[in-house]
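In this text the structure is predicted, and so the values were computed from the model without any measurement. The figures here come from the full heavy-atom set of this structure, side chains too, leaving out hydrogens, waters and symmetry mates.
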Amino acid sequence: KWKLEPSNIDNHLSENEQSLYLELEWLHPNEFNNIKNAVDKIAKMQHFSLPTRLLDFSMNPLVALFFACNITDSASINENARVVIHIAENRGKENANNICKYALYSTKYITNYEEYFHKVYELYRDFSVIQPMYMTQREIKQQSIFLVFPSNLRKGIINEFYLDGIRRIDKIFMASNFISIIIDAKSKKDILHNLDNIGINKMSLFPELEYTGMYLKNKYKERVQVSIDKYDELIDYYAKLGDLDAANEYKELKESLIQ
């Protein structure tokens, strides 16, 4: 049900990975001219919603808990959530940077098998966890780190090897590198409320102005809903007592909030 996959693994986007990176860099060169590290360059591209081979994690477990419980659509309200904890020691920025460098600039085929096979196999067999250079307040607030997905190593017709697509996480790797904590769907709203009380919410984790507006909008919508629920309780209470005047008074108050 829950998959750890980067955003470019579906819809054949991985087949056009290099083209996506290069076209974004070509369209906005000033955004990337001063970034020399391939990992940091792709991390910034992901920040601006380009599908990449990076998967977001956080060094702050409470931030991870927020994203696990954050209700993004009506379908997820009644679904359990999961927090995934990475426990392995594969923190290799050099390895991650080489993977991203290949994704950005390299040609597809590796033809000199005898010389390069072992080097390439060592490079692309491991997933790497890295902390990028923080270039935005959002990354700082979210304490971002990334899981970098390597490519699949394929063998061609005449014994040449090439890198193709994005490697998926299998059950064995998942079991040996991650621990999962399941969050009951009924607890998500209370968890988000408690996180909000200590300053972990959409406004703090997404400091851009538009997200502050969204946060305030939802905050006051929730306040109105609390009032509506309270009026429903009072309407039922006075109706059971037979005090229809009081019940109707609270119905009018409720309707004034809905309008």
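Remark: Ile145 CD1 to Ser128 OG distance equals 12.0 Å, nearest 0.5 Å. From Ile130, atom CD1 reaches atom CZ of Phe146 across 6.5 Å, with rounding to the nearest 0.5 Å. Rounded to the nearest 0.5 Å, atoms CG (Leu24) and OG (Ser19) are 12.5 Å apart. One distance of note links NZ of Lys254 with CG of Asp232; it measures 3.5 Å at 0.5 Å rounding. Once rounded to the nearest 0.5 Å, the distance linking CG of Leu50 with CE of Met45 reads 7.0 Å. With rounding to the nearest 0.5 Å, the separation of NE2 in His28 from CZ in Phe48 is 9.0 Å.
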Side chains of residues 136-144: which donor-acceptor partners sit under 3.5 Å, not counting sequence neighbours?
{"from": "Thr136", "atom 1": "OG1", "to": "Glu139", "atom 2": "N", "distance (Å)": "3.2"}
{"from": "Thr136", "atom 1": "OG1", "to": "Glu139", "atom 2": "OE1", "distance (Å)": "3.2"}
{"from": "Arg138", "atom 1": "NE", "to": "Glu208", "atom 2": "OE2", "distance (Å)": "3.2"}
{"from": "Arg138", "atom 1": "NH2", "to": "Glu208", "atom 2": "OE2", "distance (Å)": "3.3"}
{"from": "Glu139", "atom 1": "OE1", "to": "Met135", "atom 2": "N", "distance (Å)": "2.9"}
{"from": "Glu139", "atom 1": "OE1", "to": "Thr136", "atom 2": "N", "distance (Å)": "3.1"}
{"from": "Gln142", "atom 1": "NE2", "to": "Leu205", "atom 2": "O", "distance (Å)": "3.0"}
{"from": "Gln143", "atom 1": "OE1", "to": "Asn60", "atom 2": "ND2", "distance (Å)": "3.1"}

Less than 3.5 Å apart, which donor and acceptor atoms pair up between the side chains of residues 241-249 and the rest of the protein, not counting sequence neighbours?
{"from": "Asp243", "atom 1": "OD1", "to": "Ala246", "atom 2": "N", "distance (Å)": "3.2"}
{"from": "Asn248", "atom 1": "ND2", "to": "Leu244", "atom 2": "O", "distance (Å)": "3.1"}

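Looking at heavy atoms from C-beta onward, Ile183 lies out of side-chain contact with Asn80 at the 4.5 angstrom threshold. Using a 4.5 Å heavy-atom cutoff, the side chains of Phe57 and Val63 are not in contact. Considering only heavy atoms from C-beta on, Arg53 comes within 4.5 Å of Tyr21 through its side chain. The shortest distance between side-chain heavy atoms of Ile228 and Val224 falls below 4.5 Å.
Residue pairs that meet the salt bridge (charged side-chain N to carboxylate O under 4.0 Å, His left out) test with at least one member in residues 170-185, sequence neighbours left out, do not exist here.
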Task: Test salt bridge (Lys or Arg N to Asp or Glu O under 4.0 Å) applied to Lys41 and Glu25, step by step - done: CA-CA 9 Å; Lys41 190 172 286 189; Glu25 190 172 0; 3.0 Å; yes
Task: Worked verdict on Gln46 versus Asp56 for side-chain contact (heavy atoms from CB on, under 4.5 Å) - done: CA-CA 9 Å; Gln46 170 137 322; Asp56 293 85; 2.5 Å; yes
TODO: Start with the C-alpha gap between Asn37 and Met133, add the side-chain angles, then the distance that decides, and say whether side-chain contact (heavy atoms from CB on, under 4.5 Å) holds.
DONE: CA-CA 9 Å; Asn37 187 294; Met133 177 177 68; over 6 Å; no
- [ ] Test side-chain contact (heavy atoms from CB on, under 4.5 Å) on Asn197 and Asn194 and set out the steps.
- [x] CA-CA 5 Å; Asn197 287 338; Asn194 290 330; 4.2 Å; yes
Task: Candidate pair Leu62 and Ile198, rule side-chain contact (heavy atoms from CB on, under 4.5 Å), full reasoning - done: CA-CA 10 Å; Leu62 296 179; Ile198 59 172; 3.8 Å; yes
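By the side chain to side chain donor-acceptor pair (under 3.5 Å) test, Ser204 pairs with Asn201, sequence neighbours left out. Qualifying ring-ring contact (aromatic ring centres under 6.0 Å, His included) partners for Phe206, counting only residues two or more places apart in sequence or in other chains: Phe67, Tyr211. Scanning for salt bridge (charged side-chain N to carboxylate O under 4.0 Å, His left out) contacts around Lys230 gives Glu233, with sequence neighbours left out. Residues passing the side chain to side chain contact (heavy atoms under 4.5 Å, CB included) test with Ile169 are Leu4, Phe127, Leu147, Phe149, Phe173, Met174, Phe178, sequence neighbours excluded. Partners of Ala64 by side chain to side chain contact (heavy atoms under 4.5 Å, CB included), not counting sequence neighbours, listed by chain and number: Val83. The side chain to side chain contact (heavy atoms under 4.5 Å, CB included) check on Lys221 picks up Lys217, Asn218, with sequence neighbours excluded. Residues that satisfy the side chain to side chain donor-acceptor pair (under 3.5 Å) test with Ser180, not counting sequence neighbours, are Arg82. For Lys44, the salt bridge (charged side-chain N to carboxylate O under 4.0 Å, His left out) partners two or more places apart in sequence, or in a different chain, are Glu31. Under the rule for a side chain to side chain contact (heavy atoms under 4.5 Å, CB included), the partners of Asn30 that lie at least two apart in sequence or sit in another chain are Asn33.
The heavy-atom pair separating Ser7 from Pro51 by the smallest distance is OG-CA, 3.2 Å. Residue Cys69 comes nearest to Ile191 through the heavy atom pair SG-CG2, 3.8 Å, listed as atom of the first residue, atom of the second, then distance.
For the pair Asn70 (side chain) and Phe66 (backbone), a donor-acceptor distance under 3.5 Å is absent. Distance alone, capped at 3.5 Å, places no donor-acceptor pair between the Asp40 side chain and the Pro132 backbone. Side-chain N or O atoms of Glu17 include none that pairs as donor or acceptor with a backbone N or O of Thr52 at under 3.5 Å.
Heavy-atom contacts from other residues, nucleotides or ligands closer than 6.0 Å to CG of Leu27 number more than 12. Shown here is Glu5, whose CD atom has more than 12 heavy atoms of other residues, nucleotides or ligands within 6.0 Å.
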